[in-house]
Visitor: 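Here's a structure for you.
Only a predicted model underlies this, so the values are computations on that prediction, with no experimental measurement involved. Every chain is numbered from 1, with letters handed out A, B, ... down the list of sequences.
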Amino acid sequence: SQQGEEDPQALSIQEGENATMNCSYKTSINNLQWYRQNSGRGLVHLILIRSNEREKHSGRLRVTLDTSKKSSSLLITASRAADTASYFCATFQAGTALIFGKGTTLSVSS
Amino acid sequence: DVKVTQSSRYLVKRTGEKVFLECVQDMDHENMFWYRQDPGLGLRLIYFSYDVKMKEKGDIPEGYSVSREKKERFSLILESASTNQTSMYLCASSLFAQENIQYFGAGTRLSVL
């Protein structure tokens, strides 16, 4: 039962450009999290936004949450080649496990 | 530093074999999870555990079982491996108090021939 759906599925940009990924979900949530996965490795937690928050920043990352539209976006500013990875959103609802989307694959070329 | 260790990075097994995938965390986390990841399908939850000796089915438990005899260790068992279980398997752990932020192992790429 996939809750989060990322858009686009794949994104290719040049170094220095900004990358925006979107996530839509279906039910009410307690928080929404973004994870990153380098090729062939495990996922790494990037940032968490609670249902009562609208925007959060961490370094070059900016996350927004619109609970009325059941959507979130992840913005990576001034992308670097090292940002090349897959990015997943995951939603948490109390009493359940995290539910992950299918991911956006980001390629940053130099 | 937080650490989740999966016993093997790569594993090759034959159809019908019993396969054990081991996962150990050193963070005293209550919750542990097993996922499989396939191209185009994202992460799918197989089983999870909220406490020692407790287990809950995820979205795709068929063909798998789990064991959690100690808090730090969560094992995934393929009772009789089949070719459609060839996949990347990811283990994760989390704390309720940390809003269920999950920490992942490096993954085990299993090939069943």
Side-chain angles (χ1 to χ4, degrees), chain A residues 1-10 21-27 29-53 56 58 61 63 65 72 85-106, chain B residues 1-6 8-10 21 23 25 27 29-50 54-61 66 74 87-111:
Chain A
S1 55
Q2 226 108 23
Q3 159 114 281
E5 291 290 337
E6 290 91 343
D7 170 58
Q9 288 186 358
M21 289 158 256
N22 303 297
C23 171
S24 60
Y25 58 93
K26 296 174 186 167
T27 64
I29 60 172
N30 292 91
N31 69 54
L32 185 144
Q33 304 176 29
W34 285 90
Y35 289 77
R36 165 195 168 125
Q37 183 182 34
N38 288 89
S39 180
R41 307 296 295 184
L43 280 71
V44 175
H45 175 80
L46 292 176
I47 193 165
L48 177 152
I49 187 163
R50 299 182 183 91
S51 59
N52 61 355
E53 297 175 317
K56 207 155 180 186
S58 176
L61 304 180
V63 171
L65 180 64
S72 172
S86 293
Y87 293 82
F88 295 85
C89 69
T91 53
F92 175 62
Q93 192 178 35
T96 68
L98 272 187
I99 301 176
F100 287 83
K102 294 181 182 179
T104 292
T105 300
L106 173 66
Chain B
D1 225 11
V2 160
K3 196 144 176 129
V4 178
T5 303
Q6 292 184 231
S8 307
R9 287 283 287 130
Y10 300 94
L21 302 183
C23 176
Q25 50 97 0
M27 298 162 286
H29 284 177
E30 308 111 343
N31 311 316
M32 295 189 75
F33 307 85
W34 275 106
Y35 298 89
R36 66 176 281 176
Q37 185 177 26
D38 301 287
L41 296 178
L43 273 75
R44 293 182 291 167
L45 182 63
I46 305 172
Y47 268 98
F48 59 104
S49 169
Y50 286 136
M54 296 188 68
K55 60 185 179 184
E56 298 281 346
K57 291 180 180 178
D59 298 320
I60 51 163
V66 290
F74 193 35
S87 186
M88 171 72 122
Y89 289 88
L90 293 164
C91 173
S93 69
S94 73
L95 257 182
F96 283 122
Q98 282 186 353
E99 299 180 271
N100 276 289
I101 291 172
Q102 292 195 3
Y103 297 86
F104 282 81
T108 295
R109 189 165 294 280
L110 172 68
S111 295

Visitor: Determine whether A:Gln33 and B:Gln102 satisfy the following criterion, side chain to side chain donor-acceptor pair (under 3.5 Å), listing intermediate values before the conclusion.
Guide: CA-CA 10 Å; A:Gln33 304 176 29; B:Gln102 292 195 3; over 6 Å; no
Visitor: Is it the side chain or the backbone of A:Leu48 that comes within 4.5 Å of chain B heavy atoms, both, or neither?
Guide: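 Interface part for A:Leu48: side chain.
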Visitor: Under a 4.5 Å cutoff for heavy-atom pairs, which residue among B:Tyr50, B:Tyr103, B:Phe33 has the most contacts with chain A?
Guide: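 Heavy-atom pair counts peak at B:Tyr50.
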Visitor: Going through the checks in order, is the side chain to side chain donor-acceptor pair (under 3.5 Å) test met by A:Tyr25 and A:Gln93?
Guide: CA-CA 12 Å; A:Tyr25 58 93; A:Gln93 192 178 35; over 6 Å; no
Visitor: Under a 4.5 Å cut-off applied to non-hydrogen side-chain atoms, are B:Ser49 and B:Val66 in contact?
Guide: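 Counting from C-beta outward, B:Ser49 and B:Val66 never come under 4.5 Å.
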Visitor: Which one wins on heavy-atom pair count under 4.5 Å against chain A: B:Ile101, B:Val4, B:Ile60, B:Leu90?
Guide: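 Heavy-atom pairs under 4.5 Å are most numerous for B:Ile101.
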Visitor: Contact between B:Arg44 and B:Asp38 at the side-chain level, heavy atoms closer than 4.5 Å - yes or no?
Guide: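 In short, these two side chains touch, coming nearer than 4.5 Å.
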Visitor: Non-hydrogen atoms of chain A under 4.5 Å away: do they reach the side chain of B:Gln6, the backbone, both or neither?
Guide: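 Neither part.
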Visitor: Which one wins on heavy-atom pair count under 4.5 Å against chain B: A:Leu98, A:Leu43, A:Asn30, A:Val44?
Guide: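 Highest number of pairs under 4.5 Å: A:Leu43.
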Visitor: With a 4.5 Å cut-off on side-chain heavy atoms, are A:Gln9 and A:Lys102 touching?
Guide: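 The answer is no; the side chains never approach within 4.5 Å.
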